[in-house]
Amino acid sequence: MKLPDTLQAGRGHPMGSTLRDGGVNFAVMAEHASKVELCLFDQDGQRELRRYALHGPEDGVWHGFLPGLGAGLVYGLRAHGPYQPEQGHRYNANKLLLDPMAREIVGHFGWRAEHHGYTLGHPEGPRGVDGFDPRDNAPYALKSRVAAPLTGPDPRSNAPHHPVDRLLIYEAHVKGLTMQHPAVPPELRGRYAALAHPAVVAHLKQLGVNAIELLPLQFWIDEVHLADKGMRNYWGYNTLGFCCPDPRLAQAQDPAAIRAEFRAAVHALHEAGIEVLLDVVFNHTPEGNEFGPTLSFRGLDNAIWYRLQHDDRSRHENLTGCGNTLNCAHPRVTQFVLDALRVWVAEMGVDGFRFDLAPVLGRGERGFGAHAALFTAMRQDPLLASVKLIAEPWDAAYDGYQLGHFPGPFLEWNDRFRDAARSYWLGTGVSRGEFARRLTASSDVFHHGQRLPTASVNFIACHDGFTLADLTSYGKKHNHGNGEDNRDGRDNELCANFGHEGPTDDAAVNERRRRVRRALLATLAFAQGTPMLNAGDEFANSQQGNNNAYCQDNPTGWLDWAAADADLLAFTARCFQLRAQEVLLRHPRWLVAETRHTRDAQVEWLTPAGHGLQSADWHSSAQRAFAAVLQGDGRRLGLLFNPEAEAMPFTLVQGPWRLMLDSSGVLHETNPMRPDGELLPGQPLIVPAHSLVLLATLETCTWI
């Protein structure tokens with residue numbers, strides 16, 4: 001490969017490395033740098049071949065064009081500038097930097113002192129100029145590789161584009177979902193390709209899943225404290241390469257083949273009618289706080305990429321609990337987030353994103369704002385405005401809880417639904433009023449600014465916390481396997497062991513657990529809003545009481561298909577089949593007490609005796625059973641809730657009724673009914689303890 005003698009002036013957009021006009025264009029943001037060098041390496045990334053000074057800066061961007069070169073070129077960046085930590089500047093040209101927009105990454109990261117811009121152990125720490133580290137980290141640094149355009153079927157061509165009110169989201173980890181699946185060939189297990197295996201697709205289709213939300217799969221590195229213990233960041237919430245799929249989840253090893261493998265999996269899932277949503281981490285990076293390494297962003301322009309403390313710019317604001325916080329309010333950082341998201345949509349075909357610690361994306365000088373520049377840009381972007389956007393509406397800052405405060409296009413993880421549903425069925429004291437609010441899409445939180453019920457992403461469990469099986473089997477966390485003396489993970493998570501900690505042969509305890517699990521799953525399926533099912537909960541997957549399995553890249557964190565509860569799986573599938581069938585269970589408009597429009601649906605709240613619930617009834621701690629009757633366009637559904645320890649008689653009104661689902665599975669033992677499920681009139685329905693019952697009138701639904 002003959003390298004040009006000089007680097008021509010390039011274009012300042014797009015960022016990263018781009019093939020054009022028979023060569024490669026490079027552009028990178030480093031506003032405070034005095035010089036930025038492009039460093040070319042051999043194919044293995046071990047030998048530096050040539051350095052070129054990029055042109056610029058122009059509006060903070062450095063650029064260059066190399067004619068006659070193309071895809072496969074391996075490179076890194078070196079940024080020169082002031083090493084003035086007290087001013088927020090941490091330039092050190094001895095540190096080779098990864099291009100933030102790298103689509104392909106070469107090398108394997110290992111924690112070494114050479115990656116730090118200051119001398120580890122220096123008495124001045126990272127604040128003093130005397131701590132400047134002169135060692136070159138290039139032999140050990142990750143490098144970028146110029147990517148060729150992807151070929152093969154375009155996953156955008158067969159994207160399902162499901163309406164939001166039809167979504168059933170399934171949150172899963174690429175490896176955890178498939179690593180122990182007996183029908184997946186061993187060479188595919190835990191890989192992107194396994195997502196599209198017929199057995200995996202068939203399972204998702206059985207449940208009615210039409211959107212799979214994947215835990216972070218962008219190129220990440222393991223935190224130093226995990227690496228020191230020989231452990232890994234299994235979940236992947238430590239992204240460094242925001243445009244590059246992580247090779248650990250790929251069957252292929254070549255960076256180009258890794259991208260192609262993921263893209264092919266997306267296309268195959270689309271063929272099955274399943275959208276692909278990515279969990280993305282634009283709130284922090286692995287460079288950590290002021291004591292962390294210089295890998296990319298810090299070396300390019302620490303003062304712009306990160307939020308720094310106002311009274312001491314040598315220190316980072318830690319609004320994430322991870323050491324640093326991306327400064328998404330800066331126009332260039334906003335641009336970076338948008339550019340990275342477009343890569344995944346335009347090149348990989350994904351259908352949307354779930355944003356980890358999403359309030360960070362809307363933070364400016366005055367805190368969180370629903371009309372932050374990044375949110376506005378997403379809504380106006382021709383490509384991103386059409387994809388699904390989901391916010392985790394909290395971060396680790398003083399005003400980090402922002403549930404209900406995101407702009408219209410966003411759906412939001414609703415932890416209030418989670419806590420109310422758990423508390424109601426576990427018997428820990430939530431009122432009927434609180435449970436009913438969450439059952440109807442939390443109108444007190446989301447019914448404003450033309451937002452719809454679908455804004456509430458309802459979930460019982462997710463990757464972060466107990467699984468459904470564990471929250472009904474354990475009364476406390478058991479995280480000792482994480483190596484942190486059980487200090488990590490959420491304390492006081494809503495859970496109950498019902499008399500025995502962990503697995504037991506006690507028939508009464510197991511029956512109580514079975515009923516509560518089924519009631520919780522039915523609640524998720526029949527609640528207004530957008531349901532999200534935690535992978536494995538449909539068949540009672542357990543993590544042995546670990547509620548923070550972020551470092552458990554082993555059978556603890558992988559789904560145990562061999563121990564799957566087939567009855568619970570069939571029950572879960574039936575629940576979501578009913579949701580898909582009955583519009584009143586997923587109504588696109590807010591339920592009302594009295595219909596004023598043909599598109600409206602009405603909800604009526606009743607006591608077990610059939611009387612309307614009064615103000616005092618909503619807050620009574622003595623009685624928590626109640627009924628909800630949904631009505632719209634000639635169709636009527638009855639939802640009967642009995643969280644009590646004893647069976648409860650319900651007086652049925654406005655019948656005749658047919659039984660659609662009994663979460664306990666034993667209602668027929670004490671209630672006479674016809675073979676087709678029609679209930680005999682004129683007598684109360686005895687609803688078993690710890691159960692939810694769905695009834696429907698005999699009329700046929702005339703609109704779906």
Side-chain angles (χ1 to χ4, degrees), residues 1-30 33-80 93-107 136-152 154 219 241-245 247 252-260 263 296 299-300 335-336 339-340 342-343 346-348:
M1 176 176 61
K2 180 174 174 51
L3 300 177
D5 292 331
T6 59
L7 179 73
Q8 299 178 14
R11 298 174 183 172
H13 189 269
M15 294 293 180
S17 57
T18 310
L19 298 178
R20 73 166 180 88
D21 303 329
V24 185
N25 191 84
F26 298 88
V28 62
M29 189 277 289
S34 59
K35 177 182 177 182
V36 178
E37 293 177 301
L38 172 68
C39 306
L40 302 186
F41 287 80
D42 62 13
Q43 289 298 296
D44 295 329
Q46 293 302 301
R47 185 165 61 93
E48 189 169 345
L49 304 176
R50 188 71 181 266
R51 293 190 190 185
Y52 300 95
L54 289 172
H55 296 258
E58 296 177 11
D59 193 22
V61 177
W62 300 79
H63 54 83
F65 178 72
L66 280 177
L69 300 178
L73 191 65
V74 178
Y75 69 98
L77 302 165
R78 296 182 188 272
H80 300 253
N94 300 300
K95 309 304 169 184
L96 191 78
L97 308 174
L98 185 71
D99 185 345
M101 289 297 297
R103 287 165 172 77
E104 296 180 5
I105 297 175
V106 174
D136 192 335
N137 74 330
Y140 322 107
L142 295 168
K143 283 89 177 175
S144 311
R145 194 171 85 170
V146 178
L150 289 165
T151 58
D154 184 352
F219 192 105
F242 287 85
C243 302
C244 179
Q253 292 305 306
D254 178 77
I258 293 170
R259 297 172 69 222
R263 177 175 149 117
S296 178
L300 289 170
Q335 178 186 351
F336 164 71
D339 286 347
R342 291 190 200 102
V343 166
E347 299 179 19
M348 301 297 191

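What you see is a predicted model; the values in this text were computed from it and never measured.
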Discussion item. Can you give me the closest heavy-atom contact between V36 and A30, atom names plus distance?
Written reply: CG2-CB, 4.0 Å
Discussion item. What verdict does the side chain to side chain contact (heavy atoms under 4.5 Å, CB included) test give for L66 and L40, after you've listed the backbone C-alpha separation in whole Å, the side-chain angles of each residue and the deciding distance to 0.1 Å?
Written reply: CA-CA 11 Å; L66 280 177; L40 302 186; 3.9 Å; yes
Practice prompt. With sequence neighbours left out, write down each residue that passes side chain to side chain contact (heavy atoms under 4.5 Å, CB included) with P57, or none if nothing qualifies.
Written response: W62
Response to the item:
Rounded to the nearest 0.5 angstrom, the CE-NE2 distance for M15 and H13 is 7.0 Å
Practice prompt. Give, for atom CG of N25 and atom NE2 of H63, the distance between the pair rounded to the nearest 0.5 Å.
Written response: 8.5 Å
Item to complete: For the pair H55 (side chain) and F65 (backbone), establish whether a donor and an acceptor sit closer than 3.5 Å, ignoring hydrogens and angles.
Response: no
Practice prompt. Output the distance between atom CG (D136) and atom NZ (K95), rounded to the nearest 0.5 Å.
Written response: 7.5 Å
Discussion item. Please check: side-chain N/O of R78 versus main-chain N/O of A93, any donor-acceptor pairing under 3.5 Å?
Written reply: yes
Practice prompt. Please round to the nearest 0.5 Å and tell me the distance separating atom NZ of K143 and atom CG of L98.
Written response: 10.5 Å
Response to the item:
Rounded to the nearest 0.5 Å, the SG atom of C243 sits from the CZ atom of R103 at a distance of 6.0 Å
Fill in: Flag side-chain contact, heavy atom, 4.5 Å: L38 against R50
no
Discussion item. Among residues at least two apart in sequence or on other chains, which ones pass ring pair (Phe, Tyr, Trp, His ring centres under 6.0 Å) with F336?
Written reply: F242, F297, W305
Item to complete: Measure the shortest side-chain to side-chain distance between P14 and D339 over non-hydrogen atoms and say whether it is less than 4.5 angstrom.
Response: no
Fill in: Over all atoms of both residues, closest heavy-atom pair of L300 and M29
CB-O, 3.9 Å
Worksheet item: Where do P67 and Q8 come nearest, in terms of heavy atoms and distance?
Response: CG-NE2, 3.4 Å
Practice prompt. For the pair N94 (side chain) and N137 (backbone), establish whether a donor and an acceptor sit closer than 3.5 Å, ignoring hydrogens and angles.
Written response: no
Worksheet item: When you look at E104 and R145, which way does the salt bridge (Lys or Arg N to Asp or Glu O under 4.0 Å) test go after all the steps?
Response: CA-CA 5 Å; E104 296 180 5; R145 194 171 85 170; 2.8 Å; yes
Worksheet entry | Residues V74, D44; criterion side chain to side chain contact (heavy atoms under 4.5 Å, CB included); working and verdict | CA-CA 8 Å; V74 178; D44 295 329; over 6 Å; no
Discussion item. Under the rule for ring pair (Phe, Tyr, Trp, His ring centres under 6.0 Å), what residues qualify as partners of F26, not counting sequence neighbours?
Written reply: Y75
Discussion item. Can you confirm whether L142 sits close enough to V106 that some side-chain heavy atom of one is under 4.5 Å from a side-chain heavy atom of the other?
Written reply: no
Fill in: Minimal non-hydrogen separation, L150 against A256, with atom names
CD2-O, 4.4 Å
Item to complete: Hey, could you give me the OG1/CZ distance between T18 and R11, rounded to the nearest 0.5 Å?
Response: 10.0 Å
Worksheet, complete the sentence: Shortest non-hydrogen pair, L19 vs A147, comes out as CD1-O, 3.8 Å
Fill in: Minimum-distance pair of heavy atoms, taken over all atoms of P247 and I258
CB-CD1, 3.4 Å
Worksheet item: For the side chain of Y52 and the backbone of G64, is there at least one donor-acceptor N/O pair under 3.5 Å apart?
Response: no
